[in-house]
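One structure is given here, and the rest of the page talks about it.
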There are 2 protein chains.
Amino acid sequence: MPSRPSRERAAKVTLNDVAMVAGVDRSVVSRVINGDPNLSVRQETRQRVLDAIDRLGYRPNAAARSLRTARAYMFGLVIPDFANPVYAEIIKGAERAAGNLGYGLMTASSGGVQLGLAHHLALLGQGRVDGLLFAGEETGHELEQLRTSAVPWLLVNRRIEGSRRYVVLDDERGSGLAVEHMVALGHRRIAHLAGPEGADTARRRRAGYTAAMTEAGLNPDPRHVVHADYTSDGGAAAMTALLRIEPRPTAVVVANVASAVGALHTLHEAGLSVPGDLSVIAIHDMPLAGHLVPALTTVRMPLGRLGERALELLATSNLTDDITEVVTEPVDVVVRASTAPPR
Amino acid sequence: MPSRPSRERAAKVTLNDVAMVAGVDRSVVSRVINGDPNLSVRQETRQRVLDAIDRLGYRPNAAARSLRTARAYMFGLVIPDFANPVYAEIIKGAERAAGNLGYGLMTASSGGVQLGLAHHLALLGQGRVDGLLFAGEETGHELEQLRTSAVPWLLVNRRIEGSRRYVVLDDERGSGLAVEHMVALGHRRIAHLAGPEGADTARRRRAGYTAAMTEAGLNPDPRHVVHADYTSDGGAAAMTALLRIEPRPTAVVVANVASAVGALHTLHEAGLSVPGDLSVIAIHDMPLAGHLVPALTTVRMPLGRLGERALELLATSNLTDDITEVVTEPVDVVVRASTAPPR
DNA sequence: CTGAAAGCGCTTACAG
DNA sequence: CTGAAAGCGCTTACAG
């Protein structure tokens, strides 16, 4: 049992109170509030009800409504880390879509409190939300728990082995475009600063990189692919490793904008000029990218649309349906100052 | 009425089902789950209950529990924008504190959906959460609505005229330290790239700047204080304005790290060297700051502690109490490469 | 020591 | 057309 914070609440106003004041049955008040089309009530009576609600400051009790209707009018989204700006866009998209459906969206992080999915199912599952979006680092084992839960769920921006319920971006195309951009500039030694080995997005971005290199008739040097987690520290370390390789690449496709911040910093420390000595492009565009030194060329991915679409699919699908969707909205290169022809 | 997503749910397991399978009354199951100390039951019976819960995959219905106990075991936090990394730290702190109390925390943004506080009160108020933290841009008018609500609330990181329920950081001290750092390096023409005029944090940081300048025997040139919103675009524009002033300042105290990113970019574009031509320090430390070019000297503020403390106060105070707390945890300067003596 | 019963605040099929 | 009643899934004071 959680400890019990002491508190006095302002007097609670219920439907009954409103009904008393308005001089009608509480079922009438309920119908007025919910706009029941089968209710016919004199305009004057309706106004009395509305006035009473206003005067008493009545607000429906969400728990009671949820219990009665078996519907919470709320969805949940679990992300690994609020500090990662990639998730901010996904959250915004999902909030927008939830709002359009008349629902709310509550976001929680799985990273801060290391409690895992069971914790979130207990906290968010059953009666609190009508569905759960997971953009985190859930494992296959945790997926099993989801299967026994009665709460509809969907993975966002990642697939997990054995799961048939996910929405992802076209990550292959994203890094493919990045490679094509470098090839068009005349680069041939194009490295890939990939994401963490375990991450599904990293795997797909790497696959897109390899495919595009092959497509361009280039045979990527295996040493030119290095892994890093999606943080600036990770990007800095991986770039340091990459700089030790001879012959040095003339261009790098970085799997994530946070890693790119660290990579740029390492290059600056090493006295290398971007894009003079090395061109850099990163996956995911955001305002920050335009203000880095030098301004970073990126591949813009439809993160907001991903969040939006995930929420829509969660809201309208049956729990037993397979959902294996790739968001097809356009992916494009935002050219800034960090890429140029090799010299 | 919201539109109604179609869905089939997995069969719902209730307390009654568990009781049937375990061969006990449902009140016993409830007491086992909640660890009622007054319950004495044979170990064997307890095990039967636990097994039944496990086998059926029973999960308590949060709505029913909330309705019955008038307690949601959940707090809410409303922030203006998930893309602002300052809030990520506050969220993490609040999640930590909520977890320690056995509560959950749900975060929503007020910026994405432009629906204001009334929307959030309807969605989160009454029965859904036991209290609401607001770190957003609520107005005095909206505060009135809070007063009529039965949900305990608290403002975080900002005060509003007329409000006696808030927790804030020592912003005066933050910018004071920044000024002292510049003074110690030998600067005398120290400008302030302040936050938005309306923002409470901006006002307090500006006051701290002015006080520290006076304390140091410096009379700040009024033209050396320019306002910008807390974004990199805002910082870039404000820095452009600052550069037009003669004599040019040799140091700038920037009210926010996001603005500082834009300011650094403007300086780079203008061909000015940091810290050679101009030293820059910003309020709020985060990993990104260490990886900017040049690495940014910052004032580290206890944002996580702010979130933590806010949640604790929300959980333990009475709604009628005044709460006017300044988090006193240490504020300190993180020296990196963007500050140096004037040349 | 355990079970039966009441009731939290709603919604909605049903009877009047 | 409106009101009375049942019931959603829990918890807990109370009776046996």
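Proteins get letters first, then strands, A, B, ... in listed order; numbering begins at 1 in each.
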Using Watson-Crick or G-U wobble geometry with both distances below 3.5 Å, tell me the partner of C:dG16, or none. D:dC1
Within the structure shown, what part of the strands sits under 4.0 Å from A:T69 by heavy-atom distance: base, sugar-phosphate, or nothing? sugar-phosphate
OP1 or OP2 of D:dT11 less than 4.0 angstrom from a side-chain nitrogen or oxygen of B:Y73, does that happen here? no
What is the separation between atom CD on B:Q43 and atom P on C:dC1, rounded to the nearest whole Å? 16 Å
Protein-nucleotide distance (A:M20, atom CE; C:dG9, atom C1'), rounded to Å: 15 Å
Among A:E329, A:E325, A:E89, the one residue meeting salt bridge (charged side-chain N to carboxylate O under 4.0 Å, His left out) with A:R305: A:E329
Whole-Å distance, B:R128 CZ to C:dG9 P, equals 17 Å
On DNA chain C, check which nucleotide each of B:V24 and A:R26 is closest to and give me the residue with the more 5' one. B:V24
Quick one: B:K12 NZ to D:dC8 P, roughly how many Å, whole number? 10 Å
Between A:R71 (CZ) and C:dC10 (P), how many Å, whole number? 19 Å
OP1 or OP2 of D:dT11 under 4.0 Å from side-chain N/O of B:N34: yes
Looking only at D:dG9, D:dT11, D:dA4, the nucleotide nearest the B:R68 side chain is D:dT11
In this structure, how many angstroms lie between the P atom of C:dT12 and the CG atom of A:N38, rounded? 11 Å
The answer to which of B:L67 and B:R31 contacts DNA chain C further toward the 5' end, by nearest nucleotide, is B:R31
Given D:dG9, is OP1 or OP2 found less than 4.0 Å from the side-chain N or O atoms of B:T14? no
Between CG of A:N61 and P of D:dC10 the distance, given in whole Å, is 16 Å
Check the phosphate of C:dT11 against A:R65, side-chain N and O only, distance under 4.0 Å to OP1 or OP2. Yes or no? yes
So, does B:S30 get its side chain near the phosphate of D:dT11, meaning an N or O under 4.0 Å from OP1 or OP2? yes
Between C:dC10, D:dG9, D:dG3, which nucleotide has the shortest distance from any of its atoms to the side chain of B:A64? D:dG9
Between CG of B:D25 and P of D:dT12 the distance, given in whole Å, is 15 Å
Evaluate A:N318 against A:T320 for side-chain hydrogen bond (donor to acceptor under 3.5 Å, both in side chains), listing each step before the verdict. CA-CA 5 Å; A:N318 292 319; A:T320 50; 5.3 Å; no
Search all heavy atoms of A:Y103 against all heavy atoms of A:M74 and return the closest pair with its distance. CD2-N, 3.3 Å
Do the side chains of B:K12 and B:D17 get close enough for a salt bridge, i.e. N-O under 4.0 angstrom? no
Does A:D130 come within less than 4.0 Å of A:R71, counting only side-chain N to carboxylate O? no
